[in-house]
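All ligand and atom numbering here is 1-based and tracks the order in the structure. Because the structure is predicted, anything quoted here is derived from the model rather than measured.
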Amino acid sequence: MSSPILVTGATGFIGREVVRGLLMSGRPVLALARGRDGQTAEQRVAEAVGVIPDGRLLSVIEGDLTGRGNCLGEAERVDLRETVETVIHCAGDTTLFPDAMESFRAGHIDGPVKMLQWLGSGRLRRWAHLSTAYVCGRRAGTMFEGDGDLGQNFHNPYEQVKLESEVAIRRIGSRLGIDVRVFRPSIVVGAAPKTSGGNPSNLFFHFLRMVAALPDLTNSSEVTLRIEAAPRARFNIVPVEYVAAALVTLAEHSDGARGTFHLVVSDAPTQEAMLAMIAERFGVRGLSLVDCRRARIKNPSPLERLVARMLSTYRDYLEQDVHFDDAGAHRLLDRCGVPPPSLSSQAVGRLIDLAFEGRPAIQRFPLDLRSYA
Ligand SMILES: NC(=O)c1ccc[n+]([C@@H]2O[C@H](COP(=O)([O-])OP(=O)(O)OC[C@H]3O[C@@H](n4cnc5c(N)ncnc54)[C@H](OP(=O)(O)O)[C@@H]3O)[C@@H](O)[C@H]2O)c1
């Protein structure tokens, strides 16, 4: 059997998909995870990953990257040093404004750096590092995969620490002769757990359910709803299946060595086009985006205030006009037979279906919107 790939963050939104993908392709996986709420790491990973083709391919080791909780013992480290050739590092706290910066930095920077250092003294050859396209911070325009620290300002500590983490891991990797590959998804959507990383996707689905509910709850298909955003800017979401497939495919591919890859939808629709697709699907008229860089919404209705509050956490990303160039990822994944993700109206239709999967009726939006319309 080939040496197992060590995956961190296997209980998370992206990590669980990566583990599934590796197991489906017959690769043994060693998942590093935390125990919590009376459950062992093994139980939590099993629950997150679900049914797998061959249970013998998956083993779990308990550990916390901050070094605070359950740390790996020396015997476990020796064992990992002697077996692991590739790490896919998916663990990370996606809180945009963390309360405790010290442990946040430890989880994103100090912990992974220490792990790279001790694994790097053994058999380790590659470290696939999950970052974010938003290491670009507040920059606007086209971002290239080779862009890094250009002195940009950030919307939040999360973006800044993710960039610092990339830089630190690359520095240690090059010192130790480890091939570090950086993967930068935009905002990941799909069937997401209720984790911090699943929040943007769950909010997007929540928004879809709200739009679907509007005609019934207001007894009209014409609902005035103005949302502050950047109408002509791209709506930068990417399906989780593509992100996981890209990680599984490129983590060890020889042509991916030392690369940085944007994992995005190359021709993502504008926010305006996305809203039009959603409105058309549900037969709702009257939804519009107001370019907040030119004007603010005057006299918002209660419904408009409710929606603004609902979207407030990700408001910065609705206002930013940014395009992520993914030429490198696109070229390589195309050669490997991984189809590029799409946000065509058909693909958006599939995402919408997913938002309603398992729900008895689309009208089940948990709010009485009549009082807001
Ligand atoms: N979701 C997105 O839209 C998105 C977009 C771009 C980039 N990313 C990046 O992708 C990575 C994964 O995000 P996600 O969406 O999968 O987040 P998630 O669903 O919140 O999962 C985070 C995972 O990291 C683990 N983790 C966090 N801190 C840890 C620590 N100190 N020690 C061990 N494990 C720890 C969590 O374990 P527990 O279950 O024990 O908490 C969980 O398995 C992050 O680095 C994030 O920055 C995410």
Side-chain angles (χ1 to χ4, degrees), residues 6-20 31-49 60-72 87-96 98 100 102-115 127-136 156-166 169 182-205 236-244 246-247 260-265 313-314 317 324:
L6 177 64
V7 181
T8 67
T11 53
F13 178 27
I14 300 173
R16 65 180 64 190
E17 295 291 341
V18 169
V19 171
R20 277 188 206 128
L32 176 86
R34 302 189 280 201
R36 194 197 287 161
D37 303 330
Q39 281 191 302
T40 62
E42 199 165 354
Q43 287 166 331
R44 292 189 67 227
V45 171
E47 205 172 283
V49 175
V60 178
I61 184 161
E62 187 153 338
D64 187 320
L65 283 165
T66 59
R68 279 164 190 243
N70 197 348
C71 292
L72 298 178
V87 170
I88 305 185
H89 176 50
C90 299
D93 180 348
T94 63
T95 311
L96 302 180
E102 202 186 322
S103 63
F104 187 74
R105 295 179 67 83
H108 277 287
I109 305 174
D110 312 333
V113 160
K114 276 189 197 137
M115 187 168 143
W127 177 283
H129 191 79
L130 192 48
S131 184
T132 167
Y134 287 94
V135 291
C136 68
N156 48 57
Y158 167 74
E159 293 175 350
Q160 180 167 1
V161 169
K162 291 297 286 183
L163 180 61
E164 287 175 24
S165 163
E166 277 189 16
I169 288 287
V182 173
F183 296 86
R184 295 177 178 160
S186 54
I187 294 169
V188 182
V189 294
K194 288 183 178 147
T195 56
S196 156
N199 285 347
S201 183
N202 286 324
L203 177 62
F204 177 57
F205 283 8
N236 286 305
I237 59 172
V238 61
V240 68
E241 294 78 12
Y242 173 73
V243 173
L247 279 159
T260 299
F261 303 99
H262 277 154
L263 303 181
V264 299
V265 175
T313 314
Y314 299 101
Y317 299 109
F324 299 107

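- For atom 20 (O) of ligand 1, the closest non-hydrogen atom of the protein is G197 N, 3.0 Å.
- For the atom pair CG (D110) and CE (M115), the distance works out to 14.0 Å, reported to the nearest 0.5 Å.
- At a 3.5 angstrom cut-off on N or O pairs, F13 counts as close to ligand 1.
- Without hydrogens or angle criteria, H108 side chain to D93 main chain gives a donor-acceptor distance under 3.5 Å.
- At the shortest separation from atom 21 (O) of ligand 1 among protein heavy atoms lies G12 CA, 3.2 Å.
- Atoms of ligand 1 found under 4.0 Å from any heavy atom of T66, numbered from 1 in the order shown, are 31 (N).
- Shown in contact with G9 at under 4.0 Å from a heavy atom are these atoms of ligand 1, numbered in order with element: 23 (C), 24 (O), 25 (C), 43 (O).
- The shell of residues lying under 4.0 angstrom from ligand 1, judged by heavy atoms, includes C90.
- Panel note: side chain R105, backbone V161; no donor-acceptor pair is recorded below 3.5 Å.
- Put simply, the side chain of N236 never gets that close to the backbone of I187: no donor and acceptor are under 3.5 Å apart.
- Ranking protein heavy atoms by distance to atom 7 (C) of ligand 1, first place goes to S131 O, 3.0 Å.
- No donor-acceptor pair closer than 3.5 Å links the side chain of T11 to the backbone N or O of V45.
- The backbone N or O of L130 lies less than 3.5 Å from a partner atom in the side chain of K162, making a donor-acceptor pair.
- A133 does not count as a contact of ligand 1, since none of its heavy atoms falls under 4.0 Å from the ligand.
- V265 is listed as a side-chain neighbour of P239, based on a closest heavy-atom distance under 4.5 Å.
- Scanning the protein heavy atoms around atom 38 (P) of ligand 1, the nearest turns out to be R36 NH2, 3.3 Å.
- Distances shorter than 4.0 angstrom occur between a heavy atom of R44 and an atom of ligand 1.
- A donor-acceptor pair under 3.5 Å is formed between the side chain of S201 and the backbone N or O of G190.
- Protein heavy atom in closest approach to atom 44 (C) of ligand 1: K162 NZ, 3.7 Å.
- Judged purely by atom type and a 3.5 angstrom limit, N156 uses its side chain to pair as donor or acceptor with the backbone of E159.
- Of the possible donor and acceptor atoms, one in the side chain of T8 sits under 3.5 Å from a partner among the backbone N and O of A91.
- For E164, the CD atom counts as densely surrounded, since its 6.0 Å shell holds more than 12 non-hydrogen atoms of other residues, nucleotides or ligands.
- For ligand 1, none of its N or O atoms has an N or O atom of P193 under 3.5 Å away.
- Using a 4.0 Å heavy-atom cutoff, Y158 is listed among the residues neighbouring ligand 1.
- The nearest protein atom to atom 13 (O) of ligand 1, hydrogens excluded, is given as T94 CG2, 3.8 Å; this is a heavy-atom distance.
- Under the 4.0 angstrom criterion for non-hydrogen atoms, T8 is not in contact with ligand 1.
- The ligand atoms of ligand 1 that sit less than 4.0 angstrom from a heavy atom of V188 are 2 (C), 3 (O), 4 (C), 5 (C).
- With a 4.5 Å cut-off on side-chain heavy atoms, L6 and L32 count as touching.
- Counting protein heavy atoms only, atom 48 (C) of ligand 1 is closest to I14 CD1, 3.6 Å.
- Interface atoms of ligand 1 facing T195, defined by a heavy-atom separation under 4.0 Å, are 18 (P), 19 (O), 20 (O).
- At least one N or O atom of D64 sits closer than 3.5 Å to an N or O atom of ligand 1.
- For R20, the side chain to side chain contact (heavy atoms under 4.5 Å, CB included) criterion is met by R16, E17, V49, not counting sequence neighbours.
- The protein atom (non-hydrogen) at minimum distance from atom 36 (C) of ligand 1 is T11 OG1, 4.0 Å.
- Residue contacts with ligand 1, taken as heavy atom pairs separated by less than 4.0 Å, involve S186 solely via the backbone atoms N, CA, C and O.
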